[in-house]
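This report refers to the structure that appears directly beneath it.
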Amino acid sequence: MTMQPPPAHETPADEAEGRAIQDRLRGLVVLDEPGPAPGTGLVTGVDVAYDDEKDVVVAAAVVLDAETLETVDEATAVGTITFPYVPGLLAFREIPTVLEALESLTVDPGLVICDGYGLAHPRRFGLASHLGVLTGLPVIGVGKNPFTFSYEAPGPRRGDFSPLLDGDEVVGRALRTQENTNPIFVSVGHRIGLDNACAHTLRLARRFRQPESTRRADALCRQTLREATA
DNA sequence: GCGACAG
DNA sequence: ATCTTGTCGC
């Protein structure tokens, strides 16, 4: 068996090229691995903050022990905005700086959890899938709203879930992480199954709606943006 | 043609 | 995403 080196990131010249790149890379997504067992190893939250006025983008990666949820490493990267926000093309805006942050870590990231979606995407190749293909790491996507997809409200208890649907096709899950709180939306990115992706997400969201990994990465990139922009 | 649209 | 601290309410 031959392992192909991961493709390098390319910034498209326009939206049409961006969609073409996604259609091409989509074939490299691996969906038949169960992924790391929940509660073991390391999990890395990734998030990005912007200052559109100054064209600055900051990415943060925070590594947690999956069992204790203690932070074991963190890194940030400051870059320049190279692509506008276009629904469906979010990855091109975030990935260059996110890759830099991940490469600055001193440990293997393990399972990566990012804002946004993986399979739940108009071309089935959202940020989480894209990041997975470029790094070779298992990645899951966790979003705060259903994007263009539909769902029925999951049951009221923590851990209840319902399918996230594009027509008849299941592209992810609406997962309730806290009672009396809106669900979050989990989809598979690369090298992990949906059951495991939800199990990891639930463990990481013991106390709040969003996974602890995302909350820490969010706080870190925001703080770094304030400092970089001041 | 119009509106909706992850972050 | 971002403007933005404490505050109202379940």
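No experiment lies behind these values; they were computed from the predicted model shown. Naming convention: chains lettered A, B, ... in sequence-line order (proteins, then strands); numbering from 1 in each chain.
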What is the nucleic acid contact for [X], judged by heavy atoms within less than 4.0 Å: base, sugar-phosphate only, or nothing?
X: A:Gly126; answer: base
X: A:Leu89; answer: base
X: A:Gly88; answer: base

Whole Å only: how far is the [atom1] atom of [X] from the [atom2] atom of [N]?
X: A:Leu164; N: B:dC5; atom1: CG; atom2: P; answer: 14 Å
X: A:Phe147; N: B:dG7; atom1: CZ; atom2: P; answer: 9 Å
X: A:His130; N: B:dA6; atom1: NE2; atom2: P; answer: 19 Å
X: A:Tyr117; N: C:dA1; atom1: OH; atom2: P; answer: 13 Å
X: A:Asp218; N: B:dA6; atom1: CG; atom2: P; answer: 17 Å
X: A:Ile81; N: C:dT2; atom1: CD1; atom2: C1'; answer: 11 Å
X: A:Ile95; N: B:dA6; atom1: CD1; atom2: P; answer: 17 Å
X: A:Ile184; N: B:dA6; atom1: CD1; atom2: P; answer: 17 Å

key: DNA chain C base-pair string [pairs: Watson-Crick or G-U under 3.5 Å; |: paired with another strand]   = ..........
ask   = Please walk me through it: do A:Phe149 and A:Phe185 pass ring-ring contact (aromatic ring centres under 6.0 Å, His included)?
value = CA-CA 10 Å; A:Phe149 305 108; A:Phe185 302 88; 9.7 Å; no
request  = Mind checking ring-ring contact (aromatic ring centres under 6.0 Å, His included) for A:Tyr50 and listing every partner two or more places apart, or none if nothing turns up?
outcome  = none
task = Looking only at side-chain atoms of A:Leu225, point me to the closest of B:dA6, B:dC5, C:dT2.
result = C:dT2
task = Compare the minimum distances between each of B:dC5, C:dT2, B:dA6 and the side chain of A:Asn145, then state the nucleotide with the smallest one.
result = B:dA6
message = Distance check, rounded to the nearest 0.5 Å: A:Leu119 atom CG versus A:Leu31 atom CG?
response = 5.5 Å
Taking the side chain as every heavy atom from C-beta outward, state whether [X] and [Y] have any atom pair closer than 4.5 Å.
X: A:Glu74; Y: A:Arg216; answer: no
X: A:Leu134; Y: A:Leu99; answer: yes
X: A:Tyr85; Y: A:Pro87; answer: yes
X: A:Cys114; Y: A:Val139; answer: yes

inquiry  = Just by distance, no angles: are the side chains of A:Thr106 and A:Asp73 close enough, under 3.5 Å, to form a donor-acceptor pair?
reply    = yes
Side-chain N,O (A:Lys144) to OP1/OP2 (B:dA6) below 4.0 Å = no
Side-chain ion pair, [X] and [Y], N-O less than 4.0 Å:
X: A:Arg24; Y: A:Glu10; result: yes
X: A:Arg173; Y: A:Asp195; result: yes
X: A:Arg124; Y: A:Glu169; result: yes

key: Residue pairs passing the side chain to side chain donor-acceptor pair (under 3.5 Å) test where at least one lies in residues 25-47 of chain A, sequence neighbours excluded   = A:Asp23-A:Arg26, A:Glu33-A:Arg191
inquiry  = Run the salt bridge (Lys or Arg N to Asp or Glu O under 4.0 Å) test on A:Arg157 and A:Glu179 for me, step by step, so that the C-alpha distance in whole Å, both residues' side-chain angles and the decisive distance to 0.1 Å come before the verdict.
reply    = CA-CA 5 Å; A:Arg157 319 264 302 167; A:Glu179 296 186 3; 3.4 Å; yes
query = Is atom CG of A:Asn180 surrounded by more than 12 heavy atoms (other residues, nucleotides or ligands) closer than 6.0 Å?
reply = no
remark   = Paired runs of 3 or more consecutive Watson-Crick or G-U pairs involving DNA chain B, with both pairing distances under 3.5 Å, are none
Pull out every protein N or O sitting under 3.5 Å from an N or O of nucleotides 8-10 of chain C, one pair per line with the distance.
none

ask   = By a strict heavy-atom criterion of less than 4.0 Å, which residues belonging to residues 45-61 of chain A are in contact with DNA chain C?
value = A:Ala49, A:Tyr50
